[in-house]
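Worksheet: one structure, shown below.
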Amino acid sequence: MIRAERPRPGADPHAMGRRRFLGYVLAAPTLVAAAELGLAPEAQAQLPSPDITRLLDLNDVMTAAALPTANLITVEVNKDGTVSFALPRAEVGQGITTSSAMLIAEELDVPVEKVRVTLADARPELLFNQLTGGSNTTISTFVPIRVAAAVARGRLLTAAAIELGAAVKDLTLRAGVVTDAVGRAIGIGDLAEKAAGARTEQVSVVLKPRERFTVIGTPHNRVDALAAVTGRKKFAMDLQVPDAKPTMVCRPPTINGTVRSVANLDEVRAMPGVTDVTVISTGVAVRAETFGQCIDAVRALRVTWEAGTAAGKSDESVLAELRAAEAPFVLPALTPTVEGTFTFHFRSNSALETNCAIADVRPGRAEIWSALKSPIVAKEAIAAKLGLPPSAVTVHVTESGGSFGRRLFYDAASEAAEISQRIGKPVKLMWHRADDSRQGRAHPMATSRVRASYLGTEVLGYAQHHTSVSTDLSMGLGEIFTALAAKLPVGDIGFSETFFQLSQSMPYRFGVSSRLLTETDKGFNTGSMRNVYSPDVTTARELIVDRLAARMGKDPYRFRREFLAEDRARAALDKVAEVGQWGREMPPGTAQGIAFHSEYHAVSAVLVEIDCRPETVDRPVRNGVAGPRVTKAVMAVDVGLAVNPRGLEAQMMGCVMDGIAQTLTSSLHLRDGYFLEASWDNYFYTRQWNTPPELRIIVLPTTTGEPGGAGELGVAASMAAVACAYGRATGTMPTSFPINHGTLSFEPKPTVPPVPPSPTDGLNLAR
């Protein structure tokens, strides 16, 4: 076993050079290795600064929090020639199992196909090193994984030298086989036991230089692609846990309502297939032989409900709350200004795979299976809820069909554990799609006020006040901020404001700039949906940038290029302008839009073309709102070193679709304390009719040599570019998003019963 370790107090973390690290061979039957890493630099600033992200950003904080336990991440060589790695992060479709396998394959010189990456169970000893979010996985694991693999490689070569009677310098390790100077060969599987450590010992390794990479930076298909498309990939609901039967919950008609009474419990218990019915903290749980029988039982329940935490609230009332909470601009405008106030409606944080979990709770112990991005927090919270010590709760992390930040929360796992404890039987809990939309996590409704002052052709100042329904950060990020509070250059400003300041950047030279977050109303279930604050904040900013350019009589692209502060930012903007043919002649009612966004040591620029002509906007679309269509999108990204460019391209394609959806079509409508949407049928994420026929992702050459954040990078620039294009095509700057929120194109389904009847017209809809 090989692992990483921090240097001892007083040691110089840079004394061994930039590519030399310490590692460990751990005592184990077969070769297991880990890495030892240097301490992260501490920020020295003491006061908040509008340019704080140039000194320290959210990703830096997460990396620093993960570093102390990096030595607990291990790589194991098996007797069959494969290499095993339990990744302490959650694979939710972003491709990190593939990129992690590529890192091991690079340093260990084995085929990627020989690396078996699984997801680690909740390991409390990892502290903050088992939280998946903030586009941090590759950044924080890039060195530890490589060091552990490099230690394993060195150990294998040493064992091979003894076995072959050769000098280590005369050996080569390639494709999992060690060969000596005369052609004798031995596989790493045959060396796994011989290279194992009888005792834990420290070793020194040198990582491969970038010029010798043959795997990292090379496009690679996902290691789980075949299993996914053939239905062999295992998600939570695919697991066969003995006696874990289908379970669903009858939920309240308003957000976070509670059960007052149930009129027909015995009647529902007697329904076909039903094994158990019980009242829980979030509703009435039903366990049955099939999910179809669960749905029938849920629909049959007659429940009297107490009002929820958002009772009586609507889009209009929440917007009024936000406007009342908006902080005023302190200084008077002494020069000409461009100002705007923008509204961003609630959006569903529902992933393609609905919220689900399996739980088996017995006296004195509990075992949970679920897709969790913060499994340690889930384990601790579930243990407390069940009245068990954390050591008695085992939490298995399963792969997930999507997240968008949804899996940071453990609602389903906690609920499944509660149900299993109450009935004394294992349960396989699945939320209905209506549950996800109405009672699940939502991106908070928000307003953003911007004021930019200018004089002549210079921007003198920029201020942005973002006011939002409270974002729930209880999934583990808040604990990180608390643990590192003394080292963060932000003062005592609270979790959300810390997150906000560390995740937002000002890429333009706009004089004195400031940003402020105000949050209000904790009555909603909210989450850190992909990119959290950035899409809204960046969209508002980029629309004002277009207005500034117009006031100064400048081209929007040229204006941005002039004021961008960094060369790599200008390079990304130049690339999309070139490839997208910025400035080409277009028919009336159509236009181009361009926008820029930077975060987590990475930059992105997007150019889109949109068609807002009446024949396009009013084209008939079954059960939906057509609206404008984005006809072309070009994105350029510089993420530093892209481990898997093919995976990065796929991530950015998803970002473009997110941006189009949030600008044009995707939102939740709040009325009388509940959201009207009850399925993907009436929640309009980007559909085929709004997908650009022309889409190109350009991965720029690395400018840093180190990986940057990528998972969320392209959402904000995409949303902003679509908004800017819409403004130029219509001649009116949009101020409310999505732009078609005011058009309700569907008949809302009843909230009682909470689960709509199963559709019977699927074949008709498939035509």
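In what follows, every heavy atom counts, from backbone to side chain, and hydrogens, waters and symmetry copies are set aside.
The pair D315-R671 does not meet the salt-bridge criterion, since no charged nitrogen lies less than 4.0 angstrom from a carboxylate oxygen. Electrostatic pairing of K385 and E418 counts as a salt bridge here, judged by a charged N lying under 4.0 Å from a carboxylate O. Comment: D360 engages R362 in a salt bridge, judged by a side-chain N to carboxylate O separation of less than 4.0 angstrom. Here K313 pairs with D521 in a salt bridge; the nearest charged N to carboxylate O distance falls below 4.0 Å. Between R302 and E267 a salt bridge is recorded (basic side-chain N to carboxylate O distance below 4.0 Å). Checked for salt-bridge contact, E415 and R251 meet the test: a charged N lies under 4.0 Å from a carboxylate O. Under 4.0 Å is where a charged nitrogen must lie from a carboxylate oxygen, and between R232 and D224 no such pair does.
Listed here is the closest heavy atom pair of G401 and F235: N-CE2, 3.6 Å. For the residue pair R299 and P753, the shortest heavy atom distance occurs at NH1-CG, 3.4 Å. The heavy-atom pair separating G654 from Y685 by the smallest distance is O-OH, 3.7 Å. Nearest heavy atom pair, residue V397 against residue D121, reads N-OD1, 4.1 Å. Smallest separation of non-hydrogen atoms from S468 and L322: C-CD2, 3.6 Å. Taking both residues in full, the closest heavy atoms of T751 and R438 are given as CA-NH1, 3.6 Å, listed atom of the first, atom of the second, then distance.
Using modelled atom types, one finds no donor on one side chain facing an acceptor on the other under 3.5 Å when comparing D411 with Q439. In the model, S666 has no side-chain atom that pairs as donor or acceptor with a side-chain atom of R347 under 3.5 Å. Under 3.5 Å, the side chains of Q501 and R515 contain a donor-acceptor pair of N or O atoms. A donor-acceptor pair shorter than 3.5 Å can be found between the side chains of S496 and E519. Under the 3.5 Å distance criterion, with hydrogens and angles disregarded, no donor-acceptor pair is assigned to the side chains of T394 and E367. Side-chain N/O atoms of R123 and N129 include no donor and acceptor closer than 3.5 Å. Judged by distance alone, the side chains of H443 and N349 never bring a donor and an acceptor atom under 3.5 Å apart. Side-chain contact annotation: N256 with N525, donor-acceptor N/O pair under 3.5 Å present. For the residue pair S534/Q504, the side-chain donor-acceptor check at 3.5 Å is satisfied.
Cation-pi geometry between R441 and F409 is met: under 6.0 angstrom from the ring centre, within 45 degrees of the axis. Geometric assessment of R406 against the ring of W431 yields a positive cation-pi assignment under the 6.0 Å and 45° thresholds.
Side-chain atoms of T526 come within 3.5 Å of backbone N or O of D472 as a donor-acceptor pair. Between the side chain of T663 and the backbone N or O of M719 there is at least one donor-acceptor pair closer than 3.5 Å. The main-chain N or O of T132 is never found under 3.5 Å from a side-chain atom of N136 such that the two would form a donor-acceptor pair. Proximity of a side-chain donor or acceptor of S400 to a complementary backbone N or O of A371 within less than 3.5 Å is not detected. With hydrogens and angles disregarded, no donor-acceptor distance shorter than 3.5 Å links the side chain of T254 to the backbone of G673. Panel note: side chain T278, backbone I423; no donor-acceptor pair is recorded below 3.5 Å. Remark: side-chain polar atoms of S679 are paired, donor with acceptor, to backbone N or O of D681 under 3.5 angstrom. Side-chain atoms of S374 come within 3.5 Å of backbone atoms of L408 as a donor-acceptor pair (strictly under, hydrogens ignored). Looking at Q94, its side chain never comes within 3.5 Å of a backbone N or O of I96 through a donor-acceptor pair.
More than 12 heavy-atom neighbours from other residues, nucleotides or ligands sit within 6.0 angstrom of CG on L744. Annotation: R269, atom CZ; neighbour count of heavy atoms from other residues, nucleotides and ligands within 6.0 Å is above 12. Taking a 6.0 Å sphere around CZ of R323, one finds it holds 12 or fewer heavy atoms contributed by other residues, nucleotides or ligands.
For the pair H465/E326, no side-chain contact is recorded, criterion being any heavy-atom separation below 4.5 Å from C-beta on. Looking only at side-chain heavy atoms (C-beta outward), V286 and T247 stay at 4.5 Å or farther from each other. Taking 4.5 Å as the limit, some side-chain heavy atom of D658 sits within range of a side-chain heavy atom of R530. Side chains of Q293 and M271 form no contact here, defined as non-hydrogen atoms less than 4.5 Å apart. Residues V537 and Q464 form a side-chain contact, since some pair of their non-hydrogen atoms from C-beta on lies under 4.5 Å apart. Side chains of K234 and L239 form a contact here, defined as non-hydrogen atoms less than 4.5 Å apart. Using a 4.5 Å heavy-atom threshold, the side chains of V469 and V318 count as touching. Counting heavy atoms from C-beta on, the side chains of I419 and L429 come closer than 4.5 Å.
The salt bridge (Lys or Arg N to Asp or Glu O under 4.0 Å) test with D276 singles out one residue from K425, K245, R422, and that residue is K425. Among M430, R407, E399, the single residue meeting the side chain to side chain contact (heavy atoms under 4.5 Å, CB included) criterion with E353 is R407.
Here M445 contributes atom CE and L670 contributes atom CG; the two are 8.0 Å apart, rounded to the nearest 0.5 Å. Between the OG atom of S135 and the CE atom of M62 there is a distance of 9.0 Å, given to the nearest 0.5 Å. To the nearest 0.5 Å, the span separating CD1 on I368 from CD1 on I358 amounts to 10.0 Å. Between atom OG1 of residue T97 and atom CD of residue E91 there is a gap of 3.5 Å, rounded to the nearest 0.5 Å. Rounding to the nearest 0.5 angstrom, the gap separating the CE atom in M657 from the CD atom in Q662 is 13.5 Å.
In this pair, F524 and F346 present their aromatic rings tilted. The plane angle is within the 30 to 60° band. Classification of the Y533-F500 ring pair by plane angle, with boundaries at 30° and 60°, yields perpendicular. Using cut-offs of 30° and 60° for the angle between ring planes, the W689 and F684 rings count as tilted.
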Could you please spell out the steps behind the side-chain contact (heavy atoms from CB on, under 4.5 Å) verdict for I382 and L386?
CA-CA 6 Å; I382 290 171; L386 299 177; 3.7 Å; yes
Is there a side-chain hydrogen bond (donor to acceptor under 3.5 Å, both in side chains) between E677 and S437? Walk through the geometry before answering.
CA-CA 6 Å; E677 282 71 14; S437 297; over 6 Å; no
Hey, mind stepping through V262 and L301 against side-chain contact (heavy atoms from CB on, under 4.5 Å) and telling me if it holds?
CA-CA 7 Å; V262 185; L301 282 163; 3.9 Å; yes
Tell me, with the steps shown, if N682 and E747 meet side-chain hydrogen bond (donor to acceptor under 3.5 Å, both in side chains).
CA-CA 9 Å; N682 46 52; E747 183 68 29; over 6 Å; no
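Scored by the side-chain contact (heavy atoms from CB on, under 4.5 Å) test, S350 finds S348, R433, D436, W680 as partners (sequence neighbours excluded). Not counting sequence neighbours, the partners of S420 by the side-chain contact (heavy atoms from CB on, under 4.5 Å) test are A359, V361, V427.
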